[in-house]
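Structure record follows, encoded as structure tokens.
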Number of protein chains: 2
Amino acid sequence: MIEQLRDIPLFSALSNDSWHELSHYMVLVQYPKGTTIIYADKVEPYFYILQSGIARAYIDGENQQITFWFGESGAVLFSFNSYINNSPGYENIELLTNSALTRIKLTDLFLLYQQNLEIANWGRKIAEQELIATERRLIDRAFKGAAARYHEFAAQSPELIKRVALKHIASYLGVTQVTLSRIRGAYK
Amino acid sequence: MIEQLRDIPLFSALSNDSWHELSHYMVLVQYPKGTTIIYADKVEPYFYILQSGIARAYIDGENQQITFWFGESGAVLFSFNSYINNSPGYENIELLTNSALTRIKLTDLFLLYQQNLEIANWGRKIAEQELIATERRLIDRAFKGAAARYHEFAAQSPELIKRVALKHIASYLGVTQVTLSRIRGAYK
DNA sequence: GGCAACATTTTACAAATGTTAAAAAATCAT
DNA sequence: ATGATTTTTTAACATTTGTAAAATGTTGCC
């Protein structure tokens, strides 16, 4: 089962040796739709790779719940503060469909980072890819109107548009659900 | 001169050996206010650490120039796409004051990443810190109004408020200069 | 000092988005 | 299937933010 991961671009850069070292610590888990696998305000001990399914990260505000990230198969999934600062996180991560994930304990992963140069660089690449994607979203907010953001999201993530509730997509795009509905309506 | 860097938190995690290996490739450079050190649409060959001064990263749009990052001393500074994807960047980086920087060629840095485990993990930490900071800004846009973002920015970055043109701060905060002016006016 | 260039604020108006509430549509569970 | 629940859309109105242009303030330079 875990061997499937080997085909994900994320892992293809690893040598066979490093892949075996890493995968030795990985365990396949499956959860039903609706499961929350990362809780805010907790130090979460696992780093996950989504093998199949859809996930979202969100923050519970006073009057609102803001979704700020979606993951599809191949995505990495972890509590930022737990992973980066070993402190409680701010985000919840919920599975929007039945999902299969591979996970590794952060303590094991951190040991590998201190032992294996390839894996350390693999971890660096993960952070860098997330970084450039996040910065791009921040910049898109400045340059593109809400309608353009929606249409591009729909074009680039057809699976998500089909299967994710619009209220979640609205907050992901940085608008209210009413505004998103207007954008969609303007198309007909 | 370069020894000063050793005190920056960014470098304090490195062992003496790794520090010497890294600093061997680093060169101190100084530029006057107004110098652009990273150009959009170019593959930029250097990774910089800002030793003193203030820098901003911006994108030239059709009608607007959007500043999306500020750096003060200790900040790392590079073309994201050059560094991460070895392809031309989207951002310009300009020095807003006379500045001293230390730089290392990306080719040298990448070699070190492949040779030295500590330096590879140091590079991982850099990306992770930038990542968490960028995500926090994206989330702040959703939860905080423009006025709150301004007041918090002013509180956390007193140097920048003092020395950076408000038009740059406005786009950094995600509002027009007129709106920023209204926010500031509302305080008196 | 005084002019020129640039930065900031102000004003009036326009456009986009938010808020609240209700209706319509879709989905879920028994 | 059908009633209950949730999601999405629609409507009316309020608010925020944007745009353009003029007024004011600031900075640097000769």
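Order of the sequence lines sets the chain letters (A, B, ...), proteins ahead of strands, with each chain counted from 1.
Side-chain nitrogen and oxygen atoms of B:Thr176 include none within less than 4.0 Å of the OP1 or OP2 phosphate oxygen of D:dT17. Applying the 4.0 Å criterion to OP1 and OP2 of C:dT9, one finds that B:Arg184 has a side-chain N or O inside that range. Under 4.0 angstrom from either OP1 or OP2 of D:dT17 there lies no side-chain N or O belonging to B:Thr179.
When the P atom of C:dT17 is taken as reference, atom CZ of A:Arg141 falls 12 Å away, rounded to whole Å. Atom CZ in B:Arg182 sits roughly 14 Å away from atom P in C:dC13 (whole-Å rounding). A:Lys167 has its NZ atom 17 Å from the P atom of C:dA26, to the nearest Å. Atom C1' of nucleotide C:dA29 and atom NZ of A:Lys33 are separated by 13 Å, given to the nearest angstrom. In this structure, CZ of A:Arg149 is placed 14 Å from P of C:dA16, rounded to the nearest angstrom. One can place CD of B:Gln177 at 5 Å from P of C:dT8, the figure rounded to the nearest angstrom. In this structure, A:Leu180 places its CG atom 16 Å from P of C:dA16, rounding to the nearest Å. Nucleotide C:dT10 holds its P atom 13 Å from the CD1 atom of B:Ile183, rounded to whole Å.
There is no side-chain donor-acceptor pair under 3.5 Å between B:Ser79 and B:Glu44. At a cut-off of 3.5 Å, with distance as the only test, no side-chain donor of B:Asn92 or B:Thr36 sits close to an acceptor on the other residue.
Comparing D:dT17, D:dT7, D:dT9 against the side chain of B:Ala146 picks out D:dT17 as the nearest.
Annotation: cation-pi geometry satisfied between B:Arg136 and A:Tyr90 (NZ/CZ under 6.0 angstrom from ring centroid, within 45° of ring axis).
Using the six-membered ring where Trp is involved, A:Trp19 and A:Phe11 have ring planes that are perpendicular, over 60° apart on the 30 and 60° scheme.
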